[in-house]
Amino acid sequence: MSDDLLNVHEEVKETFRDRIEDNDDLSDLLTSSIIELSDEEMTDSEIIQSVVQEALDNADS
């Protein structure tokens with residue numbers, strides 16, 4: 001990837017994490033589960049969906 005594209009990619013990941021942290025509608029468990037994803041995991045929507053579903057399932061238990 002070019003440097004410009006990598007910089008944009010990093011900015012998008014940070015913005016996403018910031019928005020998750022700032023969303024008061026999400027539980028602390030869900031927020032921390034998403035924030036703790038690695039950079040590689042953050043680029044895979046299936047992993048994000050899986051983490052969110054697991055956090056929601058745990059919250060319901």
Side-chain angles (χ1 to χ4, degrees):
M1 274 190 221
S2 72
D3 286 343
D4 289 338
L5 188 54
L6 284 174
N7 290 338
V8 168
H9 187 248
E10 288 299 317
E11 188 174 322
V12 167
K13 288 186 293 188
E14 287 306 311
T15 300
F16 179 73
R17 286 184 172 120
D18 289 345
R19 286 189 176 183
I20 293 297
E21 286 179 322
D22 293 342
N23 189 332
D24 293 333
D25 293 332
L26 300 175
S27 70
D28 291 341
L29 176 62
L30 183 54
T31 299
S32 64
S33 295
I34 295 171
I35 298 303
E36 292 172 2
L37 290 171
S38 70
D39 288 347
E40 293 78 27
E41 292 170 325
M42 189 65 76
T43 62
D44 187 333
S45 63
E46 289 180 17
I47 290 175
I48 294 171
Q49 290 174 1
S50 174
V51 166
V52 169
Q53 188 60 55
E54 183 176 334
L56 292 173
D57 290 346
N58 288 339
D60 289 340
S61 300

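Counting begins at 1 with the first residue of the sequence.
Atom CD of E54 is surrounded by 12 or fewer heavy atoms from other residues, nucleotides or ligands within 6.0 Å.
With 3.5 Å as the limit, one finds a donor-acceptor pair spanning the side chains of Q53 and D57.
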Which pairs of donor and acceptor atoms, one on a side chain in residues 27-37, lie under 3.5 Å apart (sequence neighbours left out)?
unit_1, atom_1, unit_2, atom_2, d
S27, OG, L30, N, 3.1
T31, OG1, S27, O, 3.0
S32, OG, D28, O, 3.1
S32, OG, L29, O, 3.1
S33, OG, L29, O, 2.8

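At distances below 3.5 Å, not a single donor-acceptor pair connects side-chain atoms of N23 with backbone N or O atoms of R19.
Partners of D39 according to the salt bridge (Lys or Arg N to Asp or Glu O under 4.0 Å) rule, which considers only residues two or more places apart in sequence or in another chain, are K13, R17.
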Next on the checklist: If you apply the rule side-chain contact (heavy atoms from CB on, under 4.5 Å), what do you find for E21 with D18, and how did you get there?
Outcome noted: CA-CA 5 Å; E21 286 179 322; D18 289 345; 3.8 Å; yes
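Cluster annotation: I47 and I20 are assigned to the same hydrophobic cluster (Ile/Leu/Val/Met/Phe/Trp/Tyr, side-chain heavy-atom contacts under 4.5 Å, transitive).
Between I48 and M42, the closest side-chain pair of non-hydrogen atoms falls below 4.5 Å.
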